[in-house]
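For this chain, numbers begin at 1 and follow the sequence in order. All values below come from the heavy atoms of this structure, side chains included, with hydrogens, waters and symmetry mates left out.
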Amino acid sequence: MRTARVFRLSMAHPGDLSELDELIVRGTIKAADVAAIIGKTEGNGGVNDFTRGYFTQTLMALLSKHLGRPAAELIREVPCVLSGGTEGVMSPHYSVFCVREGEAATRYPSALAIGTAFSAPVPAEEVGRRAHVESVAATVRAAIVDAGIEKPEDVHFVQVKCPCVTVARAAAAIAAGKAPLTSDPNKSMAFARAAGAFGVALGLSEIKPDDFSDASLLADFSIQSPRASISSGVEVESNEVVVLGNSPSWAGDLRIAHRPMIDALDIGAVVDVLADLGIAASPQVSAADSERIASVLVKCEPDRRGRIRGRRHTMLDDTDINAQRHIRGAVAGLVAGVIGDGRIFVSGGAEHQGPDGGGLIAVIASQEGAG
């Protein structure tokens, strides 16, 4: 039987993995048990956010040192999904998802399950198109199998990191006679996130193959997955997938719950997802209950209609600050105010991920009576 454990660790800079290194040296974590990383670095979250690659490179070097295996192998086995931009009260941090084999002392009817999978490299000309969607869907299904989750409704959060098209990748594809959907890296990131969301929806059977066409991406926002969290970046060439859910075949005291956020002001969703885990927010989580929370994962998006609950917002009109930085800072403040902790994963770019102009929140916490 497998047991999932999650460690939420802080960093002094994007290459600081000293807390993880210490836990491995002390024997609290076995390097071989590290299954995935999901974290927030203090970059800009854009195409040229190299903090993500810096962290990934440092992580793989650290694991290589402890495992005695080449970093080039590990990078194809351990998903490292990073979102740049720690605006406002967000604190740079990373969650380490570990899987340990063997019977655990703590047993509940259902516990946190973790599954991971990698796709084949995605050619530049396929990014943001049906082939990309189908690649993500197949990888999501493989990660669900890896997690041993039998019921689709037991999947609560699917994190995907998709590649985007850089200027160099676009030029190489065009030279080979294979035109990419766009040569604009920023637009490519958005289309990649949309393809990832469609892929999660298809992989979870939330939509069917004939429910969409290439033209649906970034156009038909009635198509969405309330369990998808998609990031895109230049640091990956394949789709990296982490599936989080609950399963009776897993042991341990952790459990995950999720809720859709209807908009950037949906504090009720934050309160409700905590209540699903037996944690009260009145108005803020108590210090004792805060210790139960292992990870908080949020997706958000500036409402493209320019209004939130009927009131005009200016995030999309600001030429000084990117709209995604606005929304990350705003939603992070709302969620952190309830949680009482700035170590929350708040990622923008939530196209087709939850309600239009909204997103989703997932929380992992120890179950009542644990410890």
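- Results of the side chain to side chain donor-acceptor pair (under 3.5 Å) test with R227 over E153, Q353, E206 single out E206 as the only residue that passes.
- S83 and K40 are linked by a side-chain donor-acceptor pair at a separation below 3.5 angstrom, with hydrogens and angles left out of the test.
- Minimum interatomic distance between P180 and A173 (heavy atoms only, all atoms of both residues): CD-CB, 4.3 Å.
- Looking only at atom types and distance, the side chain of Q159 has a donor-acceptor partner in the side chain of S229 under 3.5 Å away.
- Between N239 and S119, the side chains place a donor N or O and an acceptor N or O closer than 3.5 Å (distance only, hydrogens not considered).
- A side-chain donor-acceptor contact under 3.5 Å links T51 and D49.
- Shown here are the ring pair (Phe, Tyr, Trp, His ring centres under 6.0 Å) partners of F55, two or more places apart in sequence or in another chain: Y94.
- The shortest non-hydrogen separation linking F97 to S295 is CZ-OG, 4.4 Å.
- A donor-acceptor pair is defined here as one N or O able to donate and one able to accept, closer than 3.5 Å; no such pair exists between the side chain of R76 and the backbone of F118.
- Annotation: side-chain contact (heavy atoms from CB on, under 4.5 Å) contacts of A332 (sequence neighbours excluded): M90, I344, V346.
- Using modelled atom types, one side-chain atom of D266 and one backbone atom of I262 make a donor-acceptor pair closer than 3.5 Å.
- There is a side-chain donor-acceptor pair under 3.5 Å between D318 and H326.
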Residues 20-28 side chain polar contacts: donor-acceptor under 3.5 Å, at least two apart:
unit_1	atom_1	unit_2	atom_2	d
D21	OD1	H66	NE2	2.7
E22	OE2	R26	NH1	2.9

key: Test log, rule side chain to side chain donor-acceptor pair (under 3.5 Å), inputs T182 and D184   = CA-CA 5 Å; T182 176; D184 183 324; 5.5 Å; no
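- Considering SG of C162 and NE2 of H132, their distance stands at 3.5 Å, rounded to 0.5 Å.
- Legend: residues meeting side-chain hydrogen bond (donor to acceptor under 3.5 Å, both in side chains) with T58, ordered by chain and number and at least two apart, are absent.
- Using the six-membered ring where Trp is involved, H156 and H258 have ring planes that are perpendicular, over 60° apart on the 30 and 60° scheme.
- For T56 (side chain) and R52 (main-chain N/O), a donor-acceptor pair under 3.5 Å exists by modelled atom type.
- Residues satisfying the side-chain contact (heavy atoms from CB on, under 4.5 Å) test with A330, not counting sequence neighbours, are none.
- The hydrophobic cluster containing V34 does not contain V241, counting ILVMFWY residues as joined when their side-chain heavy atoms lie under 4.5 angstrom apart, directly or transitively.
- Panel note: side chain T166, backbone R169; a donor-acceptor pair is recorded below 3.5 Å.
- Counting only distance, with no hydrogens or angles, the side chain of E125 and the backbone of A179 share no donor-acceptor pair below 3.5 Å.
- When all heavy atoms of H352 and L217 are compared, the closest pair comes out as NE2-C, 4.0 Å.
- Shown here for S10 and R343, the closest heavy-atom pair between the two residues is OG-CD, 3.6 Å.
- Checked by atom type and distance alone, the side chain of T116 never pairs as donor or acceptor with a backbone atom of V242 at under 3.5 Å.
- Salt bridge annotation for D341-R8: present, with a cationic side-chain nitrogen under 4.0 angstrom from a carboxylate oxygen.
- For D272 (side chain) and R259 (main-chain N/O), no donor-acceptor pair under 3.5 Å exists by modelled atom type.
- Judged as a ring pair (Phe, Tyr, Trp, His ring centres under 6.0 Å), and not counting sequence neighbours, the contacts of F212 are F198.
- Judged purely by atom type and a 3.5 angstrom limit, E19 has no side-chain atom pairing as donor or acceptor with the backbone of M11.
- Between D211 and K208 no salt bridge is recorded (no basic side-chain N to carboxylate O distance below 4.0 Å).
- For K161 and E235, the salt-bridge test passes: some basic side-chain N is under 4.0 Å from an acidic carboxylate O.
- Residues I37 and P79 are not in side-chain contact: their nearest non-hydrogen atoms beyond the backbone lie 4.5 Å or more apart.
- Seen from the ring of F221, R305 does not count as a face-on cation partner, given the 6.0 Å and 45° thresholds.
- Here K30 does not pair with E101 in a salt bridge; the nearest charged N to carboxylate O distance is not below 4.0 Å.
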task = Assess whether side-chain contact (heavy atoms from CB on, under 4.5 Å) is satisfied between D320 and R325, documenting all intermediate values.
result = CA-CA 11 Å; D320 295 315; R325 307 202 79 166; over 6 Å; no
